[in-house]
Amino acid sequence: MRLTRVPGLLFGGDYNPEQWPEEVWAEDVRLMAEAGVTMATVAVFSWSRLEPAPGAYDFGWLDRVLDLLHEHGVSADLATATATPPPWLVRRHPEVMPVDAQGVRLEFGSRQGYCPSSPIFREHAVRLATAIATRYAEHPALAMWHVGNEYADHTLECFCPESARHFRAWLQTRYGTVGALNTAWGTSCWGQHYTGFEQIEPPRKAPGPVNPAQLLDWRRFCSDALLELFTAERDALRQVTPAVPVTTNFMSILHGLDYWSWAAAEDLVSDDAYPDPADPESHVAVALSYDLMRSLKQRPWLLLESAPSAVSWREVNVPKPPGMMRLHSLQAVAHGADGVMFFQWRQAKYGPEKFHSALLPHGGTETRGWQDTLRLGADLRRLAEVAGTGTRAEVALVLDWDSWWGLEAPESMPSNRLKLKDLLLAWYAPLHARGISVDLAPPDRDLSAYRVVIAPNLYLCTAEQAKSLASVTGELVVGPFSGVVDESDQVHDGGAPGPLRDLLGVAIDEFWPLPDGSTQRVRHDGGDAGLARTWVEWPRVVGDAVEVLARYEGGDLDGLPAITRNGNATYVSCLLDDVTPVLDRVLHAVPAIDVPPGVEATRRENHLFLLNHTGTPQQVALPHPGRDLLTDTDLRGVISLAPRDAVVLRIEGDT
Ligand code: GAL
């Protein structure tokens with residue numbers, strides 16, 4: 001899918017010309033051309049300017065913007081402009097604004113405030129999307145459609161009567177009868193038996209803990225309700241411009257939306273990523289989210305927003321030190337991005353984001369920021385041949401949103417300390433440190449091509465998902481508190497690990513969450529000692545051929561199996577401080593790359609990216625000789641990577 005006239009990686013950012021007098025636009029496009037910008041995201045928040053009165057469109061200014069962009073070689077990621085409803089719509093129909101869990105309707109004056117289930121909002125949004133598509137269908141700058149903005153940011157859920165109606169209809173489709181819903185929700189507990197769908201409400205603030213099965217369905221519904229809204233706009237666009245790809249910008253690994261189903265509904269995955277420069281480990285977590293983006297469609301994706309330096313929405317907005325903007329951009333490319341874009345092109349003069357960094361800072365072209373922009377544009381051009389290339393990952397991490405929602409339900413779990421992102425990272429970080437490419441995968445995808453499949457946690461696991469895990473032919477590793485409940489959050493008969501019991505050869509007698517700060521010693525069969533924190537279990541071996549790879553040592557669980565192995569399936573019944581001993585056993589067939597701590601090595605087909613995330617020079621032994629695309633020089637042997645510098649090595653031959 002070629003999105004611009006320029007082959008190679010995309011480069012650009014959000015462009016908000018409506019915040020500037022028209023004289024500034026000429027300078028904008030001149031500088032975009034100078035920096036090698038190939039794409040601009042336009043009109044994300046422009047509804048009130050494009051339709052200042054109901055049905056009365058003012059496209060003149062956007063016509064001129066798109067013409068100017070096109071004349072300067074810049075393609076448009078054109079938004080449907082529906083991210084913020086205009087004030088006239090809100091005043092005419094106050095019910096388009098969302099209502100929070102306490103029943104308070106939110107006020108206009110920010111952005112992205114709308115009820116996902118409002119038919120009025122949807123009707124107006126679809127009408128605007130259709131009008132924009134019709135107007136610009138043939139415009140030569142149009143490269144792709146950007147629907148809404150960061151769905152679930154600001155508004156994930158709405159508790160208004162319309163949302164309640166929508167929720168009930170969704171439940172009716174899922175369960176058919178209220179009897180089936182009562183069974184699934186276990187309403188015999190705490191006297192919640194319903195006799196009609198009309199009695200069901202969204203989980204507003206209640207006196208005590210809300211039924212977790214209701215909460216799980218609410219999470220599913222909220223993801224689906226926003227997806228319906230997205231799909232309505234997408235369909236309107238496809239009707240007018242069937243050949244123009246449609247995307248919406250994701251928010252990395254987001255709890256609120258099931259991105260597996262969202263990605264299936266769009267043509268191209270795009271993501272917004274804002275790792276915190278103050279966190280020295282943020283490059284690891286962001287790499288995990290980039291790998292998710294690549295895995296969603298198993299294709300290259302687009303980094304649609306990132307920050308050139310500081311953001312404006314943290315408590316303390318730390319800028320990126322010299323080199324970090326370039327390094328973080330190259331990192332996204334290393335993990336499969338076919339372009340790097342930013343929020344935003346020109347730094348705002350007013351509004352909540354006036355201190356957010358931009359490609360063109362307040363200080364103009366004299367600034368260090370602008371020099372960074374020029375440098376990155378040039379670097380991305382040097383990497384043109386990387387565009388479109390894939391990643392071969394031999395390790396998969398399993399991620400399932402239903403399970404995540406179940407695991408992090410408030411108020412009813414053995415421990416509230418189990419957070420799925422942390423559990424994923426605990427496995428991902430050591431793989432990342434060894435330069436091993438990792439895919440993310442839903443449990444029901446065909447997993448047979450992977451040498452190693454790791455499910456850090458699958459609290460909710462259906463019989464079908466268990467079957468899928470059983471079909472793994474490589475190594476399978478399952479983390480603690482897995483196979484606990486079914487799709488209705490009901491504990492599997494016989495307890496955990498439910499449908500995984502035969503596969504793992506263990507049964508869990510009792511969950512044994514640890515108090516904050518305490519640890520449990522674990523002794524690996526090789527003799528090494530390790531520590532578990534936060535979570536351990538009381539397992540019982542039930543399979544004939546189960547090997548015990550580690551035992552708990554000391555305390556109430558002394559001598560009990562901590563890590564077991566049944567055929568190709570390893571079960572880790574605790575949260576280990578260090579999963580290295582487990583990885584060492586299962587990774588034998590997976591090639592690693594030896595790099596110093598803080599240096600990232602990532603392959604994209606025959607390109608090896610070496611990224612020094614540290615503030616000091618690092619010596620790296622190249623696993624292969626090759627040509628560095630960034631400096632156009634041949635490299636071999638041991639090289640010195642300057643602080644926050646990178647090498648992108650084209651490796652010849654089949655390695
Ligand atoms: C994103 C949003 C952008 C901008 C950016 C600032 O969440 O989509 O419009 O606000 O954050 O970091």
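All residue numbers refer to positions in the sequence shown, counting from 1. Here the structure is a predicted model, which is why all the values come from computation and not from measurement. For ligands, and for the atoms within them, numbers begin at 1 and follow the listed sequence.
Going from atom OG1 of Thr365 over to atom CD of Glu27 covers 7.0 Å, rounded to the nearest 0.5 Å. Interatomic distance, CZ of Phe250 versus CG of Asp153, reported as 14.0 Å (0.5 Å rounding).
For the pair Arg346 and Trp20, the distance from NZ or CZ to the six-membered ring centre is under 6.0 Å and the angle to the ring normal is within 45 degrees.
Protein residues with a heavy atom under 4.0 Å from ligand 1 are Phe45, Arg111, Asn149, Glu150, Asp272, Tyr274, Glu305, Trp313, Phe343, Glu353, His356.
Within a 6.0 Å radius of CZ in Phe355, no more than 12 heavy atoms belonging to other residues, nucleotides or ligands are found. Heavy atoms of other residues, nucleotides or ligands lying less than 6.0 angstrom from CZ of Arg92 number 12 at most.
Between the side chain of Ser223 and the backbone N or O of Arg220, no donor-acceptor pair lies under 3.5 Å.
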